There are 2 protein chains.
Amino acid sequence: MRRSERKAASPDLGILANRALHAVQRELFRTLAEQGHPDLRPRHGAVMAFIDEEGSRATDLAQQSGQHKQVIGTLVDELAALGYVRREPDPDDRRAKLVVPTERGLDQMQRSDAIVGEIEARHAAAAGEAAYDAFKRLLRQVGEAPPADGDAGVTP
Amino acid sequence: MRRSERKAASPDLGILANRALHAVQRELFRTLAEQGHPDLRPRHGAVMAFIDEEGSRATDLAQQSGQHKQVIGTLVDELAALGYVRREPDPDDRRAKLVVPTERGLDQMQRSDAIVGEIEARHAAAAGEAAYDAFKRLLRQVGEAPPADGDAGVTP
DNA sequence: GAATTTAGTCACTGATCTTGACGATCATGA
DNA sequence: TCATGATCGTCAAGATCAGTGACTAAATTC
């Protein structure tokens, strides 16, 4: 059997993870577009997926999402222009800014959390709650850094 | 509880899939670098993860990997320069070329398949074979297009 | 045999990521 | 209290990566 046939019949973990990620992103952003948020793209998730209702610092968003702070800065510019967030001074630290969601931002956050929840509920219904819980625990373990290495828990 | 705290405590499917993909890619390419293949990057996987031992056409690699054929062309240029593949005419079709792995390419293919196999074996050992098999079946389902849509099974 | 489709390359254009420097501000330790 | 080191976010690049349409030769289809 040819290698590509073996891979098609039994894809490996990296290929499956890549497809799973793209399937979830595709459905999420298509459904967001249908629900009034057509301007958002997956890379905006580095901000919108992690931002708190009461606002977050850019450095926190960079750390949580694994994106460089320069990229977060540019994404915040775009999201501000699109009406999703605004920048405010951080009262606790005059160097820092808070990225605060607008009403439109809060709506998007609530909707995207609900959409991902529905995707998960659909898979849980198909597989069974217990099986789905076990699946998520294993997926989380796969995403954690392997133990025998100096760099612990670093996201890209 | 703040949204970012909830997300840290219980990350959703998209975040988990993103981390899983990056964890597997990071370990794979770091281990390949240690084993004599330091010049390869994840985007080369669009060719090296799918190529057959006896060679593949660029259009097949584009279809299997979801990458545009222009990108595959550029990647094949780079991999040829690095000594992993060479282009040969396809005897069955004078328009077509076969991308054929070199000895170095075959070595990398065997090693990367083994490395991903070891990553999977480690997770299977930790979780149990039956649990890991169930995990992969579910991950594959997550990566398949949702049923109620016109675009069936398209990879990005 | 003509029309249509395909293969891969050309030539772009556009998108995204990475890095280091900088000034203002904060935290730390002597 | 002060000097020093660290942090915050922006600036200004440079590097990497993806997407599109056109083109010629070759194959397929009708």
Side-chain angles (χ1 to χ4, degrees), chain A residues 4 18 21-22 25-26 29 38-52 55-82 85-100 151 154-156, chain B residues 4 18 21-22 25-26 29 38-52 55-82 85-100 151 154-156:
Chain A
S4 59
N18 192 44
L21 175 62
H22 282 99
Q25 281 187 336
R26 197 164 44 245
F29 283 89
D39 299 311
L40 294 173
R41 298 193 303 286
R43 68 191 290 259
H44 293 130
V47 173
M48 300 307 296
F50 297 97
I51 192 169
D52 284 320
S56 300
R57 288 184 177 185
T59 46
D60 290 333
L61 296 170
Q63 189 274 324
Q64 286 156 9
S65 68
Q67 274 284 25
H68 293 268
K69 58 185 186 175
Q70 166 63 0
V71 173
I72 296 296
T74 304
L75 290 173
V76 169
D77 290 342
E78 286 184 24
L79 290 162
L82 290 168
V85 300
R86 64 179 183 274
R87 283 184 169 94
E88 287 181 2
D90 186 329
D92 298 330
D93 185 333
R94 293 209 303 281
R95 297 169 298 180
K97 299 270 181 56
L98 280 177
V99 183
V100 182
D151 53 82
V154 171
T155 58
Chain B
S4 60
N18 191 45
L21 175 60
H22 283 99
Q25 281 187 337
R26 196 164 46 245
F29 284 88
D39 299 310
L40 294 172
R41 297 193 302 286
R43 69 192 292 259
H44 292 131
V47 173
M48 299 309 295
F50 296 96
I51 192 169
D52 286 317
S56 299
R57 288 184 178 185
T59 46
D60 290 334
L61 296 171
Q63 189 275 324
Q64 287 156 7
S65 68
Q67 275 283 24
H68 291 266
K69 59 184 184 175
Q70 167 60 7
V71 174
I72 295 296
T74 304
L75 289 173
V76 169
D77 290 341
E78 287 183 23
L79 289 163
L82 290 169
V85 300
R86 63 181 183 272
R87 283 182 168 96
E88 288 182 3
D90 186 329
D92 298 328
D93 185 334
R94 293 208 305 281
R95 297 169 297 178
K97 301 269 182 57
L98 281 178
V99 184
V100 181
D151 53 85
V154 170
T155 58

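What you see is a predicted model, and the numbers here were worked out from it, not measured in a lab.
- With respect to A:D77 and A:R87, a salt bridge is recorded, a charged nitrogen being found less than 4.0 Å from a carboxylate O.
- The distance from the CG atom of B:L79 to the CG atom of B:L40 is 6.5 Å, given to the nearest 0.5 Å.
- Ranked by how close their nearest DNA chain C nucleotide is to the 5' end, A:K69 and A:R43 are led by A:R43.
- Distance CD (A:E78) to P (C:dC17): 10 Å, rounded to an integer number of Å.
- B:D77 has its CG atom 13 Å from the P atom of C:dA11, to the nearest Å.
- Heavy-atom distances to DNA chain C give each of A:Q70 and A:R94 a nearest nucleotide, and the one nearer the 5′ end belongs to A:Q70.
- Checked against D:dA18, C:dA24, C:dA7, the side chain of B:A96 finds its nearest nucleotide in C:dA7.
- In the set C:dT9, C:dT6, C:dG8, the nucleotide with an atom closest to the side chain of B:R95 is C:dT6.
- Of the side-chain N and O atoms in B:H68, one or more sit less than 4.0 angstrom from OP1 or OP2 of D:dG19.
- An OP1 or OP2 oxygen of C:dG8 is reached within less than 4.0 angstrom by no side-chain nitrogen or oxygen of B:R87.
- The distance from atom CG of B:D90 to atom P of D:dA25 is 19 Å, rounded to the nearest whole Å.
- Between the CD atom of B:Q25 and the P atom of D:dC17 there is a distance of 12 Å, rounded to whole Å.
- For the pair A:H44 NE2 and C:dA15 P, the computed distance is 11 Å after rounding to whole Å.
- Taking atom CG of residue B:L98 and atom P of nucleotide C:dT9, one finds them 12 Å apart after rounding to whole Å.
- Contact check, A:T59 against D:dG9: a side-chain N or O comes under 4.0 Å of OP1 or OP2.
- Ion pairing between A:D90 and A:R57 holds under the 4.0 Å rule for side-chain N and carboxylate O.
- Rounding to whole angstrom units, CG of residue B:D93 and P of D:dT28 are separated by 6 Å.
- Among the protein residues, B:K97 comes within range of the sugar-phosphate backbone only, with heavy atoms under 4.0 Å from sugar or phosphate atoms but none that close to a base.
- The two residues B:S4 and A:F50 come nearest to each other via the heavy atoms CB-O, 3.6 Å.
- Between A:R41 atom CZ and D:dC17 atom C1' the separation is 15 Å, expressed in whole Å.
- Between B:L75 and B:R43, the shortest heavy-atom contact is CD1-O, 3.2 Å.
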